[in-house]
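Just below is one structure, and these are the notes that go with it.
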Amino acid sequence: MNCYPKNYILVIAEKSKAAKKIAEALSDKPTTCKKYSVSYWVVNYKGKVNVVAPAAGHLFNLYGDSSFPIFSMDWKPLWEIDDSAKYTKKYYNLLKDLSKYAIEYINACDYDIEGSVIGYMIIKHFGDLKKAKRMKFSALTKQDIQKAYSNLSPLDYNMINAGIARHKVDWIWGINVSRALMLAVSSVTKKRVTLSAGRVQSPTLIHVVENEIARELYIPLPVYRVRVKIKIGNETFSLSLNRTFEYKEEAQEFANKIKKSRAVVDEVRIEEKPLTRPSPFNLGDLQAEAGRILGYSPYYVERLAEELYLDGLISYPRTNSQKIPPSVDIKSIVNGLEANFKNLVGLVRNITKGEYIVRQGSKDDPAHPAIYPTGNRITEKLGIKQYKLFELITRRFLASISRDAIMITQKIIIRFKDVDISDEITRQKIKFKGWLLLYPYHSVKDEELLDVKEGEEVKIESVSVKMDLAKPDVKRYNKVQLLKWMETSNLGTEATRGKIIETLFNRKYLSQKRGTIYPTSLGIVIVEVLKDYFKDLTSIELTSKMEEKLNEILDGKETVEGVVAETINTLRIYLDNYNKYKDQIGIKLAKILGLMKYKKCKFCDLEAEYDNLCKYHYNAYMKLKETLKVWKERTKLEDKDILKKIYSSKTTGKYIKDMISEMM
DNA sequence: GCAAGGTC
Ligand SMILES: [Zn+2]
């Protein structure tokens, strides 16, 4: 068919892969055409000529001049305003050209608010909104696409407006507060530094900072436990009883009672339990597992997965879904994988006898299924890191369609008759390995069961009291754990979480040591400034409130103008206050950036506020004094010995250790 | 130059 027809229906897809799928669903033999080195397709469908052409995500973005504050912005071609998005120019030009001779437009972008904006902007700038329709599909399968094509709706203005409001709210908050921070510094120092704040990045930074401060102020408290060595038949076991005591005397008293008690095997419980196979990956799970197993950072995983997707080896990776719909032909995917993963395919056939049942996860996505291998064989040579990720995705997919493992657990309940206390010994054995063979990245205990019978006598060999230190309930984060926190806090999307974490590193708000994330002094001060002057931006509630507003727009109860006006009003109040304290903020930031002299804390780069200590080290000192009293009461030890014990514990926070080093 | 969101 002619690549330059006239009077056709222009079908706009969000990306090239989707355009191709749509064309193939509408025709068995779509004509592939190319312009500006971008492929598009011409098909005849139900007697009409359709041209299916791709965008590349957003081709338009918000732009405003460099004034401050700034509340007016316009949509501009992305390639004009962002040097790193020059590649969008060819898609822009293609859609502009193809719009000229179209008589109808169909927005066939992903069915979510961003997809609605992407298609709307293209039709608005190049085509005719009065001749536009929306196509709604939830999977890029032939049936879904054909069904969607025959049930076209008018343009979904509520969704478009919700998307536009999202762009504007983020832009207004982000650009203005970022400029406020930078201008505060430059007005005091005449120096330009890049600083930023935003709806997603700022609550994420604050979470790291608050977590870190709590962790570095941690002081373990002593607890006492009773350990019992017992003998059943010829075998000895060591039990650490669950009960904990604050005071050594209490623990000793309890230990004496145990020592005098008789003991017996009260019950032997043997159970068979499935160890459920995992669901297929969504992007967050893939980033978590690739981090845990391969040591890759979340953003790197997203980039590699994108390449595998473009190579045609895996399905679309930026998805939240853990489900694979029945329209996906699992059998032929497994057959296809045989070329590159002969052993794994052999294993999965063996385990399942060729009957594959996907273990569907609970999470879903409006536009895409879970990540799975397409079954295409590797044609171009993959780098080793890419190959490892592909193998991980393949193994996870095969595990998800295989069978649950079966575990046998044995619980031996030991009862100390005279004190009426029970404890247990547990053993577990793998009866059927199932998916564990395909996805061998969990250490699952496989032990022999014990030959112990109910009513058997238990000999108490020895009883002792041991001091333990309580474990902290705050843990430092690595990138993957931070990304998972963002996910559960509903911050960012699949495509942006990894990138936003990298932004916090690029701003030098965060640093990393052996994989563990620490906030820098600059990060800590940025958090202080945001908490004092732009409180809304410090909370994840800004996102949930925004989403409520977007839902109101979706329900037709609110408008873009209303939401934008509300944002501006809130921000204006903050900015009025900011103007009063601008120099103070600038000085505070300039100091930590090394642009002004100041008196540093004896132990860190923050400003000394209490004699020669920053407020965090001062807090550490106060807390240590209080905790010392508790320790003394419980252990009856000398201060010096207590400090030594606290200092030598791995769990003690750094601020606390700094203060102890001062006192010893 | 600065956000967050698409996609490469
Ligand atoms: Zn300090």
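Order of the sequence lines fixes the chain letters, A, B, ..., with proteins taken first and strands second; residue numbering starts at 1 for each chain.
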Practice prompt. Look at all strands and tell whether Q201(A) reaches a base, only sugar-phosphate, or nothing, counting heavy atoms closer than 4.0 Å.
Written response: sugar-phosphate
Fill in: Side-chain N,O (S178(A)) to OP1/OP2 (dA3(B)) below 4.0 Å
no
Practice prompt. Look at R497(A) and dA4(B) and indicate whether a side-chain polar atom (N or O) is within less than 4.0 Å of OP1 or OP2.
Written response: no
Worksheet item: Under 4.0 Å between a side-chain N/O of Y309(A) and OP1 or OP2 of dT7(B), yes or no?
Response: no
Worksheet item: Among residues 541-563 of chain A, which contact DNA chain B at a heavy-atom distance under 4.0 Å?
Response: none
Worksheet item: So does R507(A) get a side-chain nitrogen or oxygen closer than 4.0 Å to the phosphate oxygens (OP1/OP2) of dG1(B)?
Response: no
Worksheet item: Got a sec, which residues hit salt bridge (Lys or Arg N to Asp or Glu O under 4.0 Å) with K35(A), two or more places apart in sequence or on another chain?
Response: D97(A)
Worksheet item: Quick one: salt bridge (Lys or Arg N to Asp or Glu O under 4.0 Å) partners of R166(A), sequence neighbours excluded?
Response: E114(A), D170(A)
Fill in: Below 4.0 Å: OP1/OP2 of dA4(B) and any side-chain N or O of R166(A)
no
Discussion item. OP1 or OP2 of dG5(B) versus the side-chain N and O atoms of R199(A): is any pair under 4.0 Å?
Written reply: yes
Fill in: Polar pair under 3.5 Å, donor/acceptor by atom type, side chain N61(A), base dA4(B)
yes
Worksheet item: Which of the following nucleotides, dA3(B), dT7(B), dA4(B), is nearest to the side chain of V200(A)?
Response: dA4(B)
Worksheet item: Closest nucleotide of DNA chain B for T503(A) versus for E307(A): which of these residues is on the 5' side?
Response: T503(A)
